[in-house]
Amino acid sequence: MFKNGAQVGLLLFGMFFGAGNLIFPPSLGFQAGQAFTPAILGFLLSGIGMPVVAVIMGTFNPGGFRAEMNRKISPLFSLIILTLMYLAIGPLMAIPRTAATSFSIGILPITGDGMIPLAIFTALYFACGWWLSITPSKLLDRVGKVLTPIFVVMIILIIIVGMIAYTTPSEAAPMGKFAASAFGNGFIEGYNTVDTLASFAFCIIAIGALKRIEFTSKKEHIASVWMAGAAVAVLMGCLYLGLALLGNHFPIPQSVYSDPSVNLGAYVLSQTSFQIFGTVGMAFLAVMVTLTCFTTTVGLIAAVSTFFAEEFTVLSYKQYVTLICVVSFLLANLGLNQIIQVTLPLLLFVYPIAIVVVMLTILNKFVSLSKLGMRCTAAAAGMVSAIDIAYQFFGVQAAGTLIQGLPLGDSGLGWLVPALVCMALSLVLPGKITGDSALASEE
């Protein structure tokens, strides 16, 4: 049981751990300052708690979250939300961010900043990504299995040595949005890892891995799923906390953190590596970051292309691979911070919906829920998120007045109470369905 769960957990950890997992914790640690504890708690809740619970709940249904959403809400809703999720974990955010992160952490300190070095690097990066995605081989699997453990050990080493070298925690007041609500904005920072969205796809991979294991009983199967989730949570939690503490202790000059073009997470990692290991360490880190992000990139290109080729047959798998690589190349050349800014509205819309779907799935395992109520719950989360986006990014003052009037509106969680109210209505409205019958229908 322990061995099977741990093996699946390591598989999931290797898929989850990518660019966003590296850069956001140290940036949060620095910006949170004295409010480090509530900020990191919010981040861990959305960056680990939701993805792990989501992948566990999705794994219990042989059809994954697609089957859950088809039955609980509607097939059209399922298709639209999964399309937005795959765009977020694919060409609109996660894939170009892996290339931009590789450049910012590993290549930029060596070549210097500039459009030409970034363009050359990303062109080579996505040309290789296209080639491996079009003609996949065992090489990718072997490289991933070797590089991921080595890279994790390297990061742990940087964290330990960095904490020894920089022993003083930040005494500065929280910066920017963290001054208003450290916990709420820490929670929203967890959105940027996109792991909750990725878990909707990864649970299918976990289901496939578990099917290849011969369990002696249903109880052993269930225990192995929980063990896999626990393994992911522990590994992610240790790295997130260590990286955030490193950012909280690392001294960043004002000229750096006041420069909007500098990604603070990438700066902390690259400068810590250089100051501790010198130029040799920088070169090693460059290779490790690039290849580790690259294996994630190829996996995402293949997964996203497969989804779109199956759902939208206007293009073939190979044509989708080409299109995704071209779009990702163009977006990667915006730079790391620009990618995050451009794609944040999409995350702020999709993430609350993904969270309420997970919450409904959990609750429906124990009690019957109204299908109408569950539809209203998803709609409430989506509508409030859309209103919040209209205020934050388009300056619609009427939207801002409405959001500020909602509980937790100031912290970016204005969608939560309306969603919970609709969820409560799901307990009393007619047309109830059970989670168990959903499972049975897919088996």
Side-chain angles (χ1 to χ4, degrees), residues 24 28 31-35 37-47 49-50 53-54 72-74 77 80-81 84-85 88 173-194 196-197 340-363 369-429:
F24 288 106
L28 174 145
Q31 294 183 77
Q34 292 179 325
T37 299
I40 192 62
L41 286 176
F43 182 85
L44 293 177
L45 180 59
S46 63
M50 291 308 305
V53 171
K72 287 176 170 53
I73 304 175
S74 80
F77 170 85
I80 292 172
I81 293 303
L84 292 175
M85 288 181 182
M175 299 173 61
K177 57 190 178 183
F178 289 97
S181 175
F183 178 85
N185 284 288
F187 188 90
I188 291 176
E189 280 292 291
Y191 289 5
N192 284 311
T193 66
V194 301
T196 297
L197 306 186
I340 295 168
Q341 291 172 5
V342 168
T343 55
L344 186 56
L346 175 60
L347 286 183
L348 290 177
F349 176 71
V350 177
Y351 238 90
I353 297 174
I355 290 172
V356 299
V357 167
V358 175
M359 293 168 65
L360 288 170
T361 301
I362 296 171
L363 185 60
L369 296 176
S370 164
K371 190 170 184 177
L372 174 61
M374 289 189 283
R375 286 177 171 176
C376 289
T377 303
M383 288 177 61
V384 174
S385 297
I387 293 170
D388 198 6
I389 291 168
Y391 169 59
Q392 288 193 46
F393 295 91
F394 301 100
V396 180
Q397 292 304 314
T401 302
L402 180 58
I403 289 297
Q404 297 301 319
L406 291 173
L408 304 177
D410 290 336
S411 62
L413 299 174
W415 56 269
L416 182 58
V417 172
L420 290 176
V421 171
C422 291
M423 198 175 297
L425 290 175
S426 301
L427 296 169
V428 297
L429 289 174

Novice: Grab the two heavy atoms, one from V356 and one from A419, that are nearest each other, plus how far apart they are.
Specialist: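 That closest heavy-atom pairing would be CG1-CB, 3.8 Å.
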Novice: Determine yes or no for a side-chain-to-main-chain donor-acceptor pair under 3.5 angstrom, with S46 supplying the side chain and I188 the backbone.
Specialist: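 Not at all, since once roles are kept as given, no pair shorter than 3.5 Å links the two residues.
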Novice: Using 0.5 Å steps for rounding, measure from the OH atom of Y351 to the CZ atom of F187.
Specialist: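 If I round to the nearest 0.5 Å, the distance is 9.0 Å.
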Novice: Which atom pairs, one a donor and one an acceptor, fall under 3.5 Å between side chains of residues 390-397 and the rest of the protein, sequence neighbours left out?
Specialist:
{"unit_1": "Q392", "atom_1": "NE2", "unit_2": "D388", "atom_2": "OD1", "d": "3.1"}
{"unit_1": "Q392", "atom_1": "NE2", "unit_2": "D388", "atom_2": "OD2", "d": "3.2"}

Novice: Looking at OG of S385 and CG of L347, how far apart are the two atoms once the value is rounded to the nearest 0.5 Å?
Specialist: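 S385 atom OG to L347 atom CG measures 11.5 Å (nearest 0.5 Å).
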Novice: Give me the atom names and distance for the closest heavy-atom approach of W415 to A381.
Specialist: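 Where W415 meets A381 most closely, the heavy atoms are CB-O, 4.0 Å.
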Novice: Passes side-chain contact (heavy atoms from CB on, under 4.5 Å), E189 versus F178? Steps please.
Specialist: CA-CA 10 Å; E189 280 292 291; F178 289 97; 3.8 Å; yes
Novice: So how far is it from I355 CD1 to L413 CG, rounded to the nearest 0.5 Å?
Specialist: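 It comes to 8.0 Å.
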Novice: Ignoring hydrogens, what is the shortest heavy-atom contact between M423 and L360? Give both atom names and the distance.
Specialist: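 Heavy atoms only, the tightest pair is CG-CD2, 3.8 Å.
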Novice: How close do A54 and V358 get, counting heavy atoms only, and between which atoms?
Specialist: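 Smallest interatomic distance, heavy atoms only, reads CB-CG2, 3.6 Å.
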Novice: Check side-chain contact (heavy atoms from CB on, under 4.5 Å) between M85 and all other residues, then give those that pass, not counting sequence neighbours.
Specialist: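 M85 satisfies side-chain contact (heavy atoms from CB on, under 4.5 Å) with I81, L82, L197, F200, V350, A354 only.
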Novice: Compare every heavy atom of L41 with every heavy atom of F183, then report the nearest pair and how far apart it is.
Specialist: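 So the minimum-distance heavy-atom pair works out to CE1-C, 4.0 Å.
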Novice: Check V417 against P407 and note the closest heavy-atom contact, atom names and distance.
Specialist: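 Taking every non-hydrogen atom into account, CG2-CB, 3.7 Å.
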Novice: To the nearest 0.5 Å, how far apart are CD1 in I387 and CG in L402?
Specialist: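 I387 CD1 to L402 CG: 4.5 Å, rounded to 0.5 Å.
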Novice: Would you mind reporting whether V384 and P352 have side-chain heavy atoms less than 4.5 Å apart?
Specialist: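 Counting from C-beta outward, P352 and V384 never come under 4.5 Å.
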Novice: When rounded to the nearest 0.5 angstrom, what is the spacing between CG in L420 and CG in L425?
Specialist: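 It comes to 11.0 Å.
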Novice: Hey, could you give me the CD1/CG distance between I353 and L84, rounded to the nearest 0.5 Å?
Specialist: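 That separation rounds to 7.5 Å.
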